[in-house]
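As the structure lists them, so they are numbered: ligands from 1, and atoms in each ligand from 1. In this chain, numbering begins with 1 at the start of the sequence shown. The shown structure was predicted, so the numbers you read here are calculated from the model rather than taken from an experiment.
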Amino acid sequence: MADFIVNGRSVLCGEVDIHGAKNSALPILAATLLCNSKCTLYNCPELSDVDAALKILKYLGCKIHRQCDAVEIDPSNAFGKEIPDFLMREMRSSIVFLGAILAKCSNALLSYPGGCELGPRPIDIHLNSFKKMGVEVDERFGSINCQCCNGLCGATINLPFPSVGATENILLAAVTAKGTTKIHNAAREPEIIDLAAFLNSCGGKIQGAGDSVITVEGVAHLHGCEHSIIPDRIEAATYMAAAAATGGKILLKNVIPDHIEPVFYAFREAGCDMEIGENTIKLTAPKRLSRIKLIRTLVYPGFPTDAQAPIMTMCTVARGTSIFIETIFQNRYKHANELLRFGANIKVEGRVAVVEGTERLYATEAKATDLRGGAALVIAAMCAEGVSRITDIYHIDRGYQSMEKVLTKLGVDIKREV
Ligand code: EPU
């Protein structure tokens, strides 16, 4: 397993081109299954989660040709209905394939994705929504067997929580279902809009993506299309946090600033100066950051849970006390324990974390416990005095393309040790 070795006290300075969004690419890759001809995706990030999604598509019968960030998928002979356990385990979000397989084959057999490093990841909202569309669900011995002998039917679905994955799964199931589906309390994340845009380019009829009510008029067939994945708003927020924590200056290129707007207030409150362009964000950090009074993670357009960990590292070196309330996931503070090893002062009580800023962090060995938490540790190592080792960086590779190359270009002394 690889580690990152980071020589600290770096000041991050320079330009970075943001890659395509992991959380857009994954459901769109699942969506390609529904088409009757070849799809080409551009700006598709090179990540281990994307590799896992492509392995699933291949297993189901797709032909795949990948060249850097362009991926061609030919699903015309893909009629696989089962995803085996070893592939489901490679990526927790593989559950998004369920809607696509059901839409294509009217039945599906998947092993249960189970819990993960962020706590339990139930899929009750997904399965209850499918039941409303006429699916019989049989869950036993860790697998989910879904059948809809008469095909999927449109339905009115009221989500108890605007789950991102459930909204995506319903879109995939509904786009070629008989009749009209209405999703109330739908997730509004930019990745939902991107998935709907892809499906509409393939001939789907989806209206209202990005709002709380989405209407899907089922169509008979979808054809292939060319689509460019939106830029990754969380990758952007992470590199902004890295620049802010190290007192640096960064120009992000290839971003959609509107998507990142929910985190702007945190950077401004911390004393950073930001210039927002059409597709760029320039952030200049002060010598020492100020505390951020309160960060409460919320569904979009609230503060994203995925940016909580990297921004927590910023607060560990800020002047004053910052408070975090994590409302989306039950167990998303594992990085806090690892940050203590750097000398950070953090107290966690349930969903609340209190961060008392300190002037200096010290190098240590720390273990990435999850994707965003791993990124938070790399930022801490960049701030710390001395040479740190971050282990278990396979978590980071799931969602940050060549992080060490990006950071080296920005002046950080970091290397991957295998
Ligand atoms: N939930 C349920 N039942 C369900 C579905 C969700 O109780 O059937 C709960 C979850 O347990 C969680 C909350 O609802 O506590 C939010 O879950 P949601 O379904 O909205 O999230 P997701 O689809 O599993 C996606 C992203 C996550 C991101 C969340 C929230 C992908 C592949 N993953 O997960 O991204 O944190 O939305 O925005 O899109 C990451 O990139 O690091 C990451 C974890």
Self-check item: Within-cut-off N or O pair, N23 and ligand 1, under 3.5 Å
Solution: yes

Exercise. Could you tell me whether E90 and K55 make a salt bridge, using a distance below 4.0 angstrom between a side-chain N and a carboxylate O?
Key: yes

Exercise. Check ligand 1 against T305 and write out every atom of the ligand that is under 4.0 Å from a heavy-atom position of the residue.
Key: 30 (C), 36 (O)

Quiz item: Which atoms of ligand 1 have any heavy atom of K22 under 4.0 Å away?
Solution: 40 (C), 41 (O)

Quiz item: Quick one: is the NZ or CZ of K104 closer than 6.0 Å to the six-membered ring centre of F79, and within 45° of its axis?
Solution: yes

Quiz item: Hey, is R332 one of the residues with a heavy atom under 4.0 angstrom from ligand 1?
Solution: yes

Quiz item: Do Y400 and R372 get their side chains close enough for a donor-acceptor pair, meaning under 3.5 Å?
Solution: yes

Quiz item: Any ion pair linking E417 and R389 (charged N to carboxylate O, less than 4.0 Å)?
Solution: yes

Quiz item: Who gets closest to atom 4 (C) of ligand 1 by heavy atom: A307, P122, A187?
Solution: P122

Practice problem: For atom 43 (C) of ligand 1, find the nearest protein heavy atom and state the residue, atom name and distance (0.1 Å precision). | Solution: D306 OD1, 3.4 Å

Check: residues 57-64 side-chain donor-acceptor pairs under 3.5 Å, at least two apart:
none

Quiz prompt | Side chain, backbone, both or neither: the part of D124 lying under 4.0 Å from ligand 1 by heavy atom | solution = both

Quiz item: What is the nearest protein non-hydrogen atom to atom 21 (O) of ligand 1, stated with its residue, atom name and distance?
Solution: F329 CZ, 4.2 Å

Quiz item: Does ligand 1 have an atom under 4.0 Å from some heavy atom of Q330?
Solution: no

Exercise. Assess the side chains of Q308 and H335: does a donor N or O sit below 3.5 Å from an acceptor N or O?
Key: yes

Quiz item: Side chain, backbone, both or neither: which part of I328 comes within less than 4.0 Å of ligand 1 when only heavy atoms are counted?
Solution: both

Practice problem: Using a strict cut-off of 4.0 Å, indicate which atoms of ligand 1 neighbour a heavy atom of L371. | Solution: 42 (O)

Quiz item: Within the structure, does E168 bring an N/O atom to less than 3.5 angstrom of an N/O atom in ligand 1?
Solution: no

Exercise. If you have a sec, work out which protein heavy atom is nearest atom 22 (P) of ligand 1 and how many Å separate them, to one decimal?
Key: R121 NH2, 4.0 Å

Quiz item: Which residue owns the protein heavy atom closest to atom 42 (O) of ligand 1, what's the atom, and how far is it?
Solution: R372 NE, 3.0 Å

Quiz item: Just distances here: any N/O of P162 and N/O of ligand 1 closer than 3.5 Å?
Solution: no

Quiz prompt | For atom 25 (C) of ligand 1, the option (of L159, V164, N331) bearing the nearest heavy atom | solution = V164

Quiz item: With only distance considered, is S163 within less than 3.5 Å of ligand 1 through an N or O on each side?
Solution: yes

Quiz item: Closest non-hydrogen protein atom to atom 8 (O) of ligand 1, residue and atom name please, with distance?
Solution: I125 N, 2.8 Å

Quiz prompt | ligand 1-proximal atoms of F161, by part, heavy-atom distance under 4.0 Å | solution = side chain

Exercise. For G165, counting its heavy atoms only, list the atoms of ligand 1 lying under 4.0 Å from any of them.
Key: 19 (O), 23 (O)

Practice problem: Inspect the contact between R66 and D51 and indicate whether a charged nitrogen and a carboxylate oxygen are less than 4.0 angstrom apart. | Solution: yes

Self-check item: Modelled atom types, side-chain donor and acceptor of N169 and H126, under 3.5 Å
Solution: yes

